[in-house]
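Beneath this line is the structure, given in structure tokens, with notes to follow.
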Amino acid sequence: KKGKEIGREVKEKSIEFYKYIAPQLKKAKEMGEQEYKKFINKALVDYNKDGKFDKEDLKKLAQHAHASWKHLKKHL
């Protein structure tokens, strides 16, 4: 696969994942960066219970989600 294609796939999967965690994030108003990272890791495990993602996809999703902390903390 080409880089652009892989990037597009990660973006699409990230959107699905954020839709999954959005209601849970709204409940967690006071959350620090460490709590957020733990929450994301746990949410990824829960989200992938049916095994639709391989380890590489999960790693990319986690990196993308962890990198978005600075943006999200402004809105929590």
Side-chain angles (χ1 to χ4, degrees):
K1 293 182 182 181
K2 295 182 180 179
K4 286 184 180 181
E5 188 176 325
I6 291 171
R8 193 175 316 116
E9 285 180 13
V10 169
K11 196 172 197 175
E12 289 172 7
K13 291 175 183 179
S14 295
I15 291 169
E16 285 181 38
F17 179 65
Y18 284 124
K19 285 181 184 177
Y20 172 76
I21 65 169
Q24 299 167 22
L25 272 176
K26 287 180 182 177
K27 293 177 186 175
K29 297 274 184 192
E30 300 288 323
M31 186 183 287
E33 186 173 2
Q34 293 301 319
E35 292 90 359
Y36 173 76
K37 287 184 177 184
K38 288 178 186 177
F39 167 76
I40 291 296
N41 292 335
K42 183 182 180 312
L44 280 169
V45 170
D46 293 343
Y47 185 66
N48 195 38
K49 282 190 178 175
D50 60 358
K52 61 182 169 183
F53 300 116
D54 60 14
K55 286 187 177 191
E56 198 60 35
D57 287 340
L58 286 175
K59 187 176 177 180
K60 289 176 186 172
L61 274 172
Q63 287 174 339
H64 192 267
H66 290 169
S68 66
W69 162 248
K70 290 181 182 179
H71 174 75
L72 285 174
K73 77 176 179 178
K74 294 176 188 176
H75 302 286
L76 288 177

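What you see below is based on every heavy atom in this structure, not just the backbone, and it leaves out hydrogens, waters and symmetry mates.
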Requested in this report: Quick one: closest heavy-atom pair of M31 and W69, and the distance?
Outcome: O-CH2, 3.1 Å
Query raised in the report: Got a sec, which residues hit side chain to side chain donor-acceptor pair (under 3.5 Å) with Y18, two or more places apart in sequence or on another chain?
Result: S68
Query raised in the report: If you look at every heavy atom in Y20 and A43, which pair is closest and at what distance?
Result: CE2-O, 3.8 Å
Under 3.5 Å, which donor-acceptor pairs do the side chains of residues 56-66 form with other protein atoms, sequence neighbours left out?
| residue | atom | partner | partner atom | Å |
| --- | --- | --- | --- | --- |
| D57 | OD2 | K13 | NZ | 2.6 |
| H64 | ND1 | S14 | OG | 3.4 |
| H66 | NE2 | N41 | OD1 | 3.3 |

Query - Interatomic distance, I40 atom CD1 to Y47 atom OH [nearest 0.5 angstrom] - result: 12.0 Å
Query raised in the report: Can any side-chain N or O of Q24 pair as donor or acceptor with the backbone N or O of I21 at less than 3.5 Å?
Result: no
